[in-house]
Peer 1: 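Pasting a structure below so you can have a look.
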Amino acid sequence: MISACVAAGFLAACSGNAPIQAGGAGSKSGHYTIALSNSYIGNMWRVEMENEFKSACASAPLKGHVTCPVYNANNDVSAQKQQISDLISSGVGAIVTDAASPDGLNNVIQQACSQHILVVSFDNTVTAPCALKVNQNQYQMGYQWAQWVASQIHGRGNVLMITGVAGTYVNQQRDAGAQAVFKKYPGIHVVNQLNGQWDSQVAQQVTSAALPTLPKINAIWCQGGTNGVLKAFQQAGRPLPPTAGESENGFRQLMSSGKVKGYSIGQAPYLGTAALAIAEGILSGKLKKASFASYNLPLSPVTDSSATAGKTWFPGVSSDFFADVTDTSGGAPVKGLCVNAAKSGTVCPSKALTYSFSS
């Protein structure tokens, strides 16, 4: 993966890069229509992702020359296919998509590509060869959670796993990463896998229902809804075991207070904003398309010692809120987003965002 050119305020033009021609209304007079096709809006992460996408579109440097319609498909592959087909007919310049299926949209995505419409998939990416893939390493995320769990319990004990939305790329890859670790430890027993839909309320419900039948849990591995899982343990009067999970505000607050030993890696809601900026950069000729055939943003683990109020979690914000508004590791690909952008889609006080994409 080669480095992308960047400059203060936005993406600098890379010499020798000709703009990719977009279809229809997407490329008239330097104005681009970049549509978000989102498969699912049923959890806090997706709400934050859409809000940050809207905030970025209304902020410099995109404000005024990019239009960003948003569409949701209720996790229905057929509905999302029709959604993308309609966007092709309308002649958008680019489609960024969080897909309901890794391969279920491939035919319609190929149609978009054949019409010179740029397709950037993110989060739940697609396998269509012509689509760009912008993500974080899901396999590695699941692997790192599991390795941390194994180290905490010294390779022996009962582990409760909470999975995400079935059939999605993210769910499959995170689970595969975990299984690759757990199979190395015959003393680790996965006593149950509950489907939490990456949602704290759902995760709390399914955990509460299962706890009366479960033995002592020595550790938790959780794809999302971590805060809800821990609430279920607290309400059942059970001790909080070492927990590896997502970036929910309540989880990180418990880590910060010393009430749970935790390891948190967030799937950044600003992935959608990064995909939007990449699409604009390619359409305007500032970025090379080839750099993003498969592009991973960095993982930023948060531990007990780095769970810090105002940086990696936020007082006064919902415990279910995904707290990785911006990457605090120093290599943030998106800078300038604020808590209110994620909560309501409003423009941040800085009124401008910066983006950097490098190997």
Side-chain angles (χ1 to χ4, degrees), residues 17-41 46 49-50 53-54 56-57 62 65-135 138 165-173 271-296:
N17 252 0
I20 293 171
Q21 295 302 312
S27 57
K28 291 180 179 179
S29 302
H31 186 278
Y32 304 103
T33 298
I34 303 174
L36 170 62
S37 171
N38 182 28
S39 63
Y40 181 70
I41 194 65
R46 295 295 182 102
M49 178 273 290
E50 285 199 2
F53 182 92
K54 294 172 183 175
C57 191
L62 301 183
H65 76 101
V66 179
T67 299
C68 311
V70 175
Y71 301 87
N72 291 292
N74 198 30
N75 210 33
D76 184 321
V77 175
S78 296
Q80 194 170 24
K81 286 173 67 176
Q82 184 59 55
Q83 188 181 91
I84 293 173
S85 181
D86 292 342
L87 290 170
I88 295 170
S89 298
S90 71
V92 297
I95 299 168
V96 297
T97 182
D98 198 336
S101 165
D103 54 12
L105 305 177
N106 283 2
N107 287 342
V108 73
I109 287 174
Q110 186 58 52
Q111 292 173 25
C113 295
S114 68
Q115 295 296 314
H116 306 291
I117 295 172
L118 179 68
V119 179
V120 183
S121 65
F122 69 95
D123 186 37
N124 287 298
T125 54
V126 298
T127 57
C130 69
L132 306 184
K133 288 86 175 172
V134 177
N135 212 342
Q138 305 303 316
V165 176
T168 59
Y169 172 86
V170 168
N171 185 67
Q172 293 168 354
Q173 289 294 302
L271 271 172
T273 299
L276 170 64
I278 288 167
E280 193 280 339
I282 293 170
L283 289 176
S284 60
K286 300 166 188 171
L287 292 176
K288 294 180 179 180
K289 183 178 179 181
S291 300
F292 301 96
S294 182
Y295 190 92
N296 279 328

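These values consider heavy atoms only, across backbone and side chains, with no hydrogens, waters or symmetry-generated copies.
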Peer 1: How far does CG of Leu87 sit from CD1 of Ile95, to the nearest 0.5 angstrom?
Peer 2: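 Spacing of CG (Leu87) from CD1 (Ile95) equals 5.0 Å.
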Peer 1: Just wondering, do Thr97 and Val120 contact through their side chains at under 4.5 Å, heavy atoms?
Peer 2: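 Result no, sub-4.5 Å side-chain heavy-atom pair not found.
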Peer 1: Under the criterion side chain to side chain contact (heavy atoms under 4.5 Å, CB included), I'd like the reasoning laid out for Tyr169 against Thr127: C-alpha separation, chi angles, the key distance, then a yes or no.
Peer 2: CA-CA 10 Å; Tyr169 172 86; Thr127 57; over 6 Å; no
Peer 1: State, to 0.1 Å, how close Asn124 and Asp98 come at their nearest heavy-atom pair, and which atoms those are.
Peer 2: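 Shortest heavy-atom contact: N-OD1, 3.1 Å.
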Peer 1: Does some side-chain heavy atom of Gln138 sit less than 4.5 Å from a side-chain heavy atom of Gln172?
Peer 2: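 No; the side chains remain at least 4.5 Å from each other.
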Peer 1: Considering non-hydrogen atoms only, spot the tightest contact between Ala94 and Ala279 and give its length.
Peer 2: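 Looking at all heavy atoms of both residues, the shortest contact is CB-CB, 4.1 Å.
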Peer 1: With a 4.5 Å cut-off on side-chain heavy atoms, are Phe122 and Leu36 touching?
Peer 2: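 In contact.
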Peer 1: For Asn72, does its backbone N or O pair with a side-chain atom of Gln83 as donor and acceptor, under 3.5 Å?
Peer 2: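 Indeed, once roles are kept as given, a pair shorter than 3.5 Å links the two residues.
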Peer 1: Please report the shortest heavy-atom distance between Phe53 and Gly272, naming the atom on each side.
Peer 2: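 Nearest pair, atom of Phe53 first, then Gly272: CD1-O, 3.7 Å.
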Peer 1: If you measure from OG1 on Thr273 to CG on Leu62, what distance do you get to the nearest 0.5 Å?
Peer 2: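 That separation rounds to 9.0 Å.
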Peer 1: Measure the spacing between NZ of Lys289 and CG of Leu283 and express it to the nearest 0.5 Å.
Peer 2: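 Between Lys289 NZ and Leu283 CG, I get 10.0 Å after rounding to 0.5 Å.
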Peer 1: Pick one: which of Ile109, Asn106, Val119 meets side chain to side chain contact (heavy atoms under 4.5 Å, CB included) with Cys130?
Peer 2: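 Going through Ile109, Asn106, Val119 one by one, the side chain to side chain contact (heavy atoms under 4.5 Å, CB included) with Cys130 is satisfied by Ile109 alone.
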Peer 1: Just wondering, do Val66 and Cys68 contact through their side chains at under 4.5 Å, heavy atoms?
Peer 2: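 Of all side-chain heavy-atom pairs linking Val66 with Cys68, at least one is under 4.5 Å.
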Peer 1: Which atoms form the tightest heavy-atom contact between Val96 and Ala275, and what is the distance?
Peer 2: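 Distance-wise, the nearest heavy atoms are CG1-O, 3.7 Å.
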Peer 1: Should we say atom NZ of Lys133 is surrounded by more than 12 heavy atoms from elsewhere, each under 6.0 Å from it?
Peer 2: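 Counting other residues, nucleotides and ligands, NZ of Lys133 exceeds 12 neighbours.
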Peer 1: Between the side chain of Ser121 and the main-chain N/O of Leu132, is any donor-acceptor distance below 3.5 Å?
Peer 2: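 Yes; at least one donor-acceptor contact below 3.5 Å.
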Peer 1: Over all heavy atoms of both residues, which pair between Asn38 and Gln80 is shortest? Give the atoms and the distance, please.
Peer 2: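 Reported closest heavy-atom pair: C-NE2, 3.8 Å.
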Peer 1: List the atom of Ala73, the atom of Ala79, and the distance in Å for their closest heavy-atom pair.
Peer 2: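 Ala73 and Ala79 have their closest heavy atoms at O-CB, 3.9 Å.
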Peer 1: So does Asp86 have more than 12 non-hydrogen atoms from other groups sitting under 6.0 Å from CG?
Peer 2: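 It does: Asp86 CG has more than 12 such atoms within range.
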Peer 1: If only atom types and distance count, is the side chain of Asn74 paired as donor or acceptor with the main-chain N or O of Asp76 below 3.5 Å?
Peer 2: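 Checked: no pair found.
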Peer 1: Has the side chain of Ser85 got a donor or acceptor atom that lies under 3.5 Å from a matching backbone atom of Gln82?
Peer 2: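 Looks like no, no N/O pair under 3.5 Å.
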Peer 1: Distance from His65 atom NE2 to Ser284 atom OG, nearest 0.5 Å?
Peer 2: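 The NE2 atom of His65 sits 7.0 Å away from the OG atom of Ser284.
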Peer 1: Test Tyr32 against Val92 for side chain to side chain contact (heavy atoms under 4.5 Å, CB included), laying out the working first.
Peer 2: CA-CA 8 Å; Tyr32 304 103; Val92 297; over 6 Å; no
Peer 1: Can you tell me which residue pairs pass the salt bridge (Lys or Arg N to Asp or Glu O under 4.0 Å) test with a partner in residues 100-118, sequence neighbours excluded?
Peer 2: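 Found none.
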Peer 1: Mark yes or no for whether Ser101, through its side chain, and Val77, through its backbone, hold a donor-acceptor pair below 3.5 Å.
Peer 2: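 Not confirmed, Ser101 side chain does not pair with Val77 backbone.
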Peer 1: Does Phe292 reach the side chain of Leu287, with side-chain heavy atoms less than 4.5 Å apart?
Peer 2: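 The answer is yes, as the side chains (C-beta and beyond) meet within the 4.5 Å cut-off.
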Peer 1: Nearest 0.5 Å, what's the CG-CD distance between Asn135 and Gln173?
Peer 2: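 Asn135 CG to Gln173 CD: 9.0 Å, rounded to 0.5 Å.
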Peer 1: When rounded to the nearest 0.5 angstrom, what distance separates CD1 in Ile84 from OG in Ser89?
Peer 2: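 If I round to the nearest 0.5 Å, the distance is 12.0 Å.
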Peer 1: Counting N and O atoms only, with roles assigned by atom type, does the side chain of Thr168 sit under 3.5 Å from a partner on the main chain of Val165, one being a donor and the other an acceptor?
Peer 2: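 The answer is yes, because a donor-acceptor pair under 3.5 Å joins these two groups.
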